[in-house]
Number of protein chains: 2
Amino acid sequence: MPVAREPRSRRDRPAKPALSRQWIVDVTIDIMRREGLRKATMRRVAQELDTGPASLYVYVSNTAELHAAVIDRLLGDVAVAAGGHWQDRLERLVTDYRDLLWKYPGLARSALAIRPSGRNFLVLFDRIMGLLVEGGVEPGQAGLGADLLLLTTTASAAEHAAPEDGDSDAGTDHLTKQNAIADAVRSVNAQDAPLIARHADALLAGTPDQRWRWYLRAQIAGIAATARDAGQ
Amino acid sequence: MPVAREPRSRRDRPAKPALSRQWIVDVTIDIMRREGLRKATMRRVAQELDTGPASLYVYVSNTAELHAAVIDRLLGDVAVAAGGHWQDRLERLVTDYRDLLWKYPGLARSALAIRPSGRNFLVLFDRIMGLLVEGGVEPGQAGLGADLLLLTTTASAAEHAAPEDGDSDAGTDHLTKQNAIADAVRSVNAQDAPLIARHADALLAGTPDQRWRWYLRAQIAGIAATARDAGQ
DNA sequence: ACCTGAACACCGTTCAAGT
DNA sequence: ACCTGAACACCGTTCAAGT
């Protein structure tokens with residue numbers, strides 16, 4: 001894993017500096033920030049680095065690994081809040097993670113496809129586990145719980161993203177999708193799905209944030225209340 | 001939505017029969033069954049249908065819509081078991097859904113990216129809701145619960161899939177990934193993630209099936225125990 | 001009116017050949 | 001030894017032109 005910085009000293013010409021894994025990741029993040037992770041392809045990153053795509057393969061083994069590095073780098077910014085009740089701090093931590101995934105188009109989808117396992121992801125996992133343990137949950141059980149919370153958060157962030165994210169009119173896309181679901185629910189055949197038909201209004205009620213908080217509370221309650229099998 | 005069957009009667013030549021949405025979906029499922037949904041591209045489906053990719057756009061509006069149609073078609077096979085306690089039937093139903101997603105390479109990942117909202121998906125949603133209501137859960141709460149269960153199941157099925165599914169040696173891929181996670185857990189820096197380091201064995205304990213059943217039970221318990229906000 | 005060949009604008013990854 | 005041009009084998013989608 002070469003972490004070459006600037007070449008020691010070079011006075012020859014405009015000086016195309018030596019590539020490095022770090023620089024490649026930086027440029028990838030930059031493209032993602034501007035146009036979404038979907039656009040941060042090997043070819044595009046190489047172009048931005050003024051070289052051919054083949055050159056990147058010296059430092060990253062493929063696109064998935066590059067995107068995983070991007071995710072783990074950004075995960076470094078998520079930290080546990082200081083004061084307060086363990087459950088509040090847990091909800092805040094998980095919500096911060098969700099917000100990070102919302103912030104960059106394409107990131108959530110990628111995180112889901114990749115199954116992060118970098119250093120910062122493990123730190124986040126450990127902090128979630130720690131807050132559950134602080135709440136009296138048995139450590140093994142807390143581990144399963146942390147896994148569940150990270151999975152659902154990543155998945156729900158990915159759903160939140162527009163189908164073709166990275167476009168400028170993400171707002172429109174999002175509205176379109178919201179309406180697609182609402183339409184499907186409201187126009188459902190009462191024979192096929194009687195409960196959806198009868199309770200359509202209740203199903204569509206509440207702000208996204210109210211729904212999110214319910215998901216969190218329900219999961220935390222279930223995690224705390226459910227012991228692992230004795231056999232394990 | 002043209003549903004043209006056989007052309008009325010044609011005796012001219014080998015008779016390339018008229019395209020139809022149904023036939024396109026059938027061929028797509030066939031390719032997926034053999035090589036994974038990732039390989040069921042517009043170009044590939046068109047080739048199998050002995051035409052150019054442009055022709056498909058008369059019947060489907062894009063790749064995502066085609067894959068959504070495939071998913072909803074397959075979802076038609078998932079049904080509620082007859083006898084027994086509501087919770088057992090719920091666990092069985094959700095597990096059947098998971099098994100369906102496991103059965104075809106690429107399907108789970110696609111289901112996650114697409115957010116199904118077809119008829120059969122709504123039926124499945126309604127059945128899950130129904131079992132929760134049968135268990136005494138308030139309908140609006142049951143709706144949120146069904147959403148959560150479907151989301152986590154789809155996401156966990158997608159994780160189960162190998163990173164590059166559709167290949168013949170999926171077994172190897174899967175093992176590789178399992179080991180990657182286990183390695184990350186076991187070789188984690190104790191300073192960074194003290195709880196993971198201390199409880200590594202507990203975290204990796206249990207069969208996948210035991211873990212799966214814990215996820216189900218924890219979520220169902222949390223769904224049943226968590227009322228919606230009064231404000232809603 | 002219905003269908004589609006050909007084109008446009010891209011991909012990831014490999015490897016032989018250069019410095 | 002290190003780097004990369006060029007090629008290989010693909011993509012989704014559009015549209016002008018054909019029947």
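To find a chain, count down the sequence lines: A is the first, B the second, and so on, and within it residues start at 1. Any value given below was found using the heavy atoms of this structure, including those in side chains, with hydrogens, waters and symmetry copies removed.
B:Leu56 has its CG atom 11 Å from the C1' atom of C:dT4, to the nearest Å.
Residues B:Arg186 and B:Leu204 meet the side-chain proximity criterion, which asks for heavy atoms closer than 4.5 Å.
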What does the B/S/- profile of nucleotides 8-19 of chain D look like, 5' to 3', with a 4.0 Å heavy-atom cutoff to protein? ---BBBBB----

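Comparing the P positions of D:dA9 and C:dC8 gives a spacing of 22 Å, expressed to the nearest Å.
Contacts of A:Asp96 classified as salt bridge (Lys or Arg N to Asp or Glu O under 4.0 Å), with partners at least two apart in sequence or in another chain: none. Considering only residues two or more places apart in sequence or on other chains, A:Leu151 meets the side-chain contact (heavy atoms from CB on, under 4.5 Å) condition with B:Ala155, B:Ser156, B:Glu159. Partners of A:Arg98 under the side-chain hydrogen bond (donor to acceptor under 3.5 Å, both in side chains) rule, at least two apart in sequence or in another chain, do not exist in this structure. Not counting sequence neighbours, the partners of B:Glu65 by the side-chain contact (heavy atoms from CB on, under 4.5 Å) test are B:Arg21, B:Val60, B:Ser61, B:Asn62. Taking the salt bridge (Lys or Arg N to Asp or Glu O under 4.0 Å) definition, one finds that A:Asp30 meets it with A:Arg34, sequence neighbours left out. Partners of B:Asp126 according to the side-chain contact (heavy atoms from CB on, under 4.5 Å) rule, which considers only residues two or more places apart in sequence or in another chain, are A:Ala193, A:Pro194, A:Leu195, A:Ile196. Scored by the side-chain contact (heavy atoms from CB on, under 4.5 Å) test, B:Thr152 finds A:Leu148, A:Thr152, B:Leu148, B:Gln219 as partners (sequence neighbours excluded).
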If you write DNA chain C from 5' to 3' in dot-bracket form, with Watson-Crick or G-U pairs under 3.5 Å, [ ] for crossing pairs and | for pairs with another strand, what do you get? ||.|||||...|||||.||

